[in-house]
**Student:** 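One structure coming up, written as structure tokens, with questions to follow.
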Amino acid sequence: MTIALGRLLDEVAGRIIAHAEELTALDSAIGDADHGLNMKRGFEAVLADKANILAKPLPEALKAIGMTLVMKVGGASGPLYGTLFMALGKELPAEPSLADAARALSTAVEAVKARGKADFDNKTMLDVLGPVAKHLGNGSASFDSVRQLAHDRAQATIPMKAIKGRASFLGERSIGHMDPGARSSALMITAICDGLEAKG
Ligand code: ADP
Ligand code: MG
């Protein structure tokens with residue numbers, strides 16, 4: 001498929017920026033109330049660099065996005081989302097198929113796991129990204145099923161106890177709140193589905 005990267009960037013960045021307060025509110029419950037601000041700052045920087053990003057082939061564009069996120073998001077999530085996008089850039093061909101996307105996302109999720117020394121069920125972004133990668137790989141994914149899964153997996157972090165990141169300092173008190181990074185991952189995945197689907 002040909003990727004309309006400009007549209008996808010607008011969708012993802014717009015979605016994150018529009019939900020920044022919600023993400024920060026989630027982080028205020030089990031973290032330090034900066035996840036929305038961090039992500040908004042990062043994606044505003046990505047939008048500011050859009051012309052430069054769009055001039056590159058998809059792999060290099062994804063690497064550039066990843067580097068901007070590392071530099072601008074900060075916190076724990078900046079290097080992790082940066083790793084995700086940089087790994088996608090390394091793995092994806094310029095015109096990826098769905099199978100390419102599934103394989104690249106799986107590899108990128110492994111890179112995020114390694115970077116953060118985390119595993120699934122630790123109550124992090126990985127609890128959305130991992131299941132979505134797996135779902136894409138099983139060959140029966142639709143835009144609706146991916147959006148639904150991302151939403152459900154973010155919800156499923158609510159009863160989890162945080163094992164990694166700042167929320168883990170709360171121990172049992174992290175239970176009962178959605179993980180902010182799981183929510184931001186679900187927002188990005190939904191935005192990508194919307195952007196790809198709008199292309200027709
Ligand atoms: P910080 O925790 O440094 O304030 P953010 O608030 O921007 O950074 O991001 C917090 C999110 O980062 C968490 O909700 C979680 O999803 C994710 N996160 C934190 N540590 C890890 C990790 N080791 N592996 C994967 N994701 C993590
Ligand atoms: Mg935080």
Side-chain angles (χ1 to χ4, degrees), residues 12-47 62 65-88 90-91 104-135 146 149-192:
V12 171
R15 202 68 56 101
I16 290 294
I17 291 165
H19 288 262
E21 283 181 18
E22 178 199 341
L23 294 171
T24 286
L26 291 173
D27 198 32
S28 75
I30 58 170
D32 56 353
D34 65 355
H35 187 56
L37 286 171
N38 291 344
M39 295 294 283
K40 182 167 181 271
R41 187 171 57 240
F43 278 98
E44 281 172 349
V46 168
L47 286 181
L62 288 165
I65 293 167
M67 274 154 59
T68 298
L69 293 178
V70 170
M71 287 187 297
K72 299 290 180 177
V73 175
S77 60
L80 295 169
Y81 277 132
T83 296
L84 182 78
F85 280 87
M86 286 191 276
L88 286 173
K90 218 169 115 197
E91 298 299 323
L105 186 57
S106 290
T107 305
V109 167
E110 288 306 312
V112 174
K113 276 172 81 172
R115 184 75 172 77
K117 299 185 175 61
D119 207 342
F120 300 124
D121 296 324
N122 287 177
K123 193 179 179 106
T124 72
M125 58 176 74
L126 290 166
D127 295 318
V128 169
L129 298 172
V132 167
K134 195 168 168 211
H135 179 60
V146 172
L149 181 66
H151 176 266
D152 291 349
R153 290 296 97 201
Q155 293 286 329
T157 64
I158 294 174
M160 291 181 187
K161 180 176 147 184
I163 309 288
K164 283 285 166 189
R166 216 175 269 283
S168 67
F169 305 158
L170 292 178
E172 301 285 331
R173 281 185 293 132
S174 66
I175 294 171
H177 305 277
M178 192 187 306
D179 177 62
R183 176 65 177 148
S184 57
S185 286
L187 286 168
M188 283 195 257
I189 288 161
T190 301
I192 290 168

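Ligands are counted one by one from 1 in listed order, and the atoms in each one are counted from 1 as well. Just the heavy atoms: all of them, side chains too, but no hydrogens, waters or symmetry mates, feed the values below.
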**Student:** Would one find more than 12 heavy atoms of other residues, nucleotides or ligands at under 6.0 Å from atom NZ of K72?
**Tutor:** no

**Student:** Under a 4.0 angstrom heavy-atom cut-off, which atoms of ligand 1 come close to D27?
**Tutor:** 6 (O)

**Student:** Taking side chain as C-beta onward, heavy atoms only, is D179 less than 4.5 Å from D127?
**Tutor:** no

**Student:** Give the residue and atom name of whichever protein heavy atom lies nearest to atom 2 (O) of ligand 1, and the separation in Å to one decimal.
**Tutor:** R166 NE, 3.5 Å

**Student:** Heavy atoms, side chains only, cut-off 4.5 Å: are V109 and L126 in contact?
**Tutor:** yes

**Student:** Does a sphere of radius 6.0 Å around CZ in R41 hold more than 12 heavy atoms from other residues, nucleotides or ligands, not counting ones at 6.0 Å or beyond?
**Tutor:** yes

**Student:** List every atom of ligand 1 that sits less than 4.0 Å from any heavy atom of G165, numbering the atoms from 1 in the order shown and giving each element.
**Tutor:** 19 (C), 20 (N)

**Student:** Under 3.5 Å between some N or O of ligand 1 and some N or O of G181?
**Tutor:** yes

**Student:** Ligand 1 versus T124, non-hydrogen atoms closer than 4.0 Å: side chain, backbone, both, neither?
**Tutor:** both

**Student:** Taking the side chain as everything from C-beta on, heavy atoms only, tell me whether M125 gets closer than 4.5 Å to L80.
**Tutor:** yes

**Student:** Any idea which atoms of ligand 1 are less than 4.0 Å away from a heavy-atom of P180?
**Tutor:** 14 (O)

**Student:** How about E21: does its CD atom have over 12 heavy atoms from other parts shown lying under 6.0 Å from it?
**Tutor:** no

**Student:** Nearest non-hydrogen atom to atom 21 (C) of ligand 1 belongs to which of D119, T83, L80?
**Tutor:** L80

**Student:** Kindly give the heavy-atom pair with the smallest separation between S77 and M39, and that separation in Å.
**Tutor:** OG-SD, 4.2 Å

**Student:** Could you please tell me which protein N, O or S atoms lie under 2.8 Å from the Mg ion (ligand 2)?
**Tutor:** D27 OD2, D32 OD1, D34 OD1

**Student:** Mind checking the CZ-OG1 spacing from F43 to T68? Nearest 0.5 Å is all I need.
**Tutor:** 10.0 Å

**Student:** Less than 4.5 Å apart, any side-chain heavy atom of M188 and any of V12?
**Tutor:** yes

**Student:** How far is atom 16 (O) of ligand 1 from the closest protein heavy atom, and which atom is that?
**Tutor:** D179 OD2, 2.6 Å

**Student:** Would you verify whether the NZ or CZ of K90 falls within 45 degrees of the ring axis of F85 while also being under 6.0 Å from that six-membered ring's centre?
**Tutor:** no

**Student:** What part of A118, side chain from CB on, backbone N/CA/C/O, both or neither, has a heavy atom under 4.0 Å from ligand 1?
**Tutor:** side chain

**Student:** May I ask you to identify the nearest protein heavy atom to atom 10 (C) of ligand 1, giving residue, atom name and distance to one decimal place in Å?
**Tutor:** H35 ND1, 4.1 Å

**Student:** Does the side chain of V146 reach to within under 4.5 Å of the side chain of V132, using non-hydrogen atoms?
**Tutor:** yes

**Student:** I need the minimum non-hydrogen distance between S174 and A167, along with the two atoms involved.
**Tutor:** CB-O, 3.6 Å

**Student:** Name all residues meeting the salt bridge (charged side-chain N to carboxylate O under 4.0 Å, His left out) criterion together with K161; count only those two or more places apart in sequence or in a different chain, and write none if there are none.
**Tutor:** E172

**Student:** Closest non-hydrogen protein atom to atom 23 (N) of ligand 1, residue and atom name please, with distance?
**Tutor:** G116 O, 2.9 Å

**Student:** Under 4.0 angstrom from ligand 1, any heavy atom of G31?
**Tutor:** no

**Student:** Under a 4.0 angstrom heavy-atom cut-off, which atoms of ligand 1 come close to D34?
**Tutor:** 4 (O), 5 (P), 6 (O)

**Student:** Give the atom numbers and elements of ligand 1 that come within less than 4.0 Å of a heavy atom of S77.
**Tutor:** 5 (P), 7 (O), 8 (O), 9 (O), 12 (O)

**Student:** Do S184 and H35 pair up side chain to side chain, a donor and an acceptor below 3.5 Å, judged on atom types alone?
**Tutor:** yes

**Student:** So if I count the atoms of ligand 1 from 1 in the order they appear, which ones are less than 4.0 Å from some heavy atom of D32?
**Tutor:** 4 (O)

**Student:** Can you find an N or O of M125 that's nearer than 3.5 Å to an N or O of ligand 1?
**Tutor:** yes

**Student:** Measure N122 to ligand 1 on non-hydrogen atoms and call it side chain, backbone, both or neither using the 4.0 Å cut-off.
**Tutor:** neither

**Student:** For atom 3 (O) of ligand 1, which protein heavy atom lies nearest, and how many Å away is it?
**Tutor:** A76 N, 2.8 Å

**Student:** Show the nearest heavy-atom pair for residues A182 and T124, with the distance to one decimal.
**Tutor:** CB-O, 3.9 Å

